[in-house]
Amino acid sequence: RPRDWSSDVCSSDLNTRGDVAIGYQAGGGTQSGDPTTSVGFQSGNTTQSQGAVAIGFKSGRSQGDATVAIGYQAGESQSAYAVAVGLFAGQSSQGSGAIAVGNQAGKTSQKSDAVAIGTQAGSSSQGVSAIAIGNLAGVTNQGNNSIIINATGSTLNQTTANTFTVKPVRNASAANVDRKSTRLNSS
């Protein structure tokens, strides 16, 4: 004989905020947002604040408001409005508004409003409002408000604040340079 299971469900068991948790211990800590999403083993496991999204093994375990962590152990500790996409991206102490995209990009101590794009870009102690673009750009201790663009295939660091570093720079003869479209503002 069919059983009516509706009487076995208590209204306090239902999630009325729209939080989603799929996977072993996903969203298992405090999902305090409206709504939060956790998909994967222990994703969003400690604290997920309003609008946080964690997708992947142990991703987004402690997330501030409106954060996104996608990838294996991505964004395990994120401040508000941070984004981490990739294996270990933004893994530990990712600052408010920071963005890390790529394998180990912004992995440890990425400061607020920093941007790291590329494998190991801004990987360790990336400064406030620093930008690292390219494989191995600004791997360690990138200075605050500095920009590093790397296409060398090897590590390119710059620890001095308020600097712009790009490598390689092509050697061009004067005959091959369009002076109207190539300008450097030193101010």
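Not a single donor-acceptor pair under 3.5 Å links the side chain of Asn45 to the backbone N or O of Arg61. Proximity of a side-chain donor or acceptor of Gln63 to a complementary backbone N or O of Val53 within less than 3.5 Å is detected. Checked by atom type and distance alone, the side chain of Asn157 pairs as donor or acceptor with a backbone atom of Thr140 at under 3.5 Å. In this structure, Gln158 contributes its side chain and Ile147 its backbone to no donor-acceptor pair below 3.5 Å. At least one donor-acceptor pair closer than 3.5 Å links the side chain of Asp65 to the backbone N or O of Gln50. Judged by distance alone, the side chain of Gln142 and the main-chain N or O of Ile131 form a donor-acceptor pair under 3.5 Å. No donor-acceptor pair under 3.5 Å is formed between the side chain of Gln91 and the backbone N or O of Gln104. Put simply, the side chain of Ser96 gets close to the backbone of Ala80: a donor and an acceptor are under 3.5 Å apart. At distances below 3.5 Å, at least one donor-acceptor pair connects side-chain atoms of Gln78 with backbone N or O atoms of Val68.
The shortest non-hydrogen separation linking Ala132 to Ala137 is CB-O, 3.4 Å. Taking each heavy atom of Gly134 and Ala121 in turn, the nearest pair found is O-CB, 3.7 Å. Closest heavy-atom contact between Gly75 and Ala69: CA-CB, 4.0 Å. The heavy-atom pair separating Gly143 from Ala130 by the smallest distance is O-CB, 3.5 Å. Ser129 and Asn145 make their closest contact through CB-OD1, 3.3 Å (heavy atoms, listed as atom of the first residue, atom of the second, distance). Listed here is the closest heavy atom pair of Thr67 and Tyr81: CG2-N, 3.6 Å.
Between Asn135 atom CG and Thr119 atom OG1 the span is 5.0 Å, to the nearest 0.5 Å. Here the straight-line distance linking atom OG of Ser123 with atom CD of Gln110 works out to 9.5 Å at 0.5 Å rounding. Between the CG atom of Asn144 and the OG1 atom of Thr160 there is a distance of 11.0 Å, given to the nearest 0.5 Å. Annotation: the span from Gln94 atom CD to Ser62 atom OG amounts to 12.0 Å, rounded to 0.5 Å. Atom-to-atom distance recorded for Gln126:CD and Ser112:OG is 10.5 Å, nearest 0.5 angstrom. The NZ atom of Lys111 sits 4.5 Å away from atom OG of Ser125, with the distance rounded to the nearest 0.5 Å.
Ile133 and Leu156 sit in two unconnected hydrophobic clusters of ILVMFWY residues. Membership requires side-chain heavy atoms under 4.5 Å apart, directly or through other members. Clustering ILVMFWY residues whenever any of their side-chain heavy atoms sit less than 4.5 angstrom apart, transitively, puts Val128 in a cluster other than the one holding Val115. Under a hydrophobic-cluster definition in which Ile, Leu, Val, Met, Phe, Trp and Tyr are linked whenever side-chain heavy atoms come within less than 4.5 Å, directly or via other members, Ile117 and Val139 are assigned to different clusters. Following chains of ILVMFWY side-chain contacts shorter than 4.5 Å, one cannot reach Val39 starting from Phe57, and the two form parts of different hydrophobic clusters.
Taking the six-membered ring where tryptophan is involved, the planes of Phe88 and Tyr72 are perpendicular, since the angle between them exceeds 60° and thus also 30°.
For the pair Lys58 and Phe41, the minimum side-chain heavy-atom distance is below 4.5 Å.
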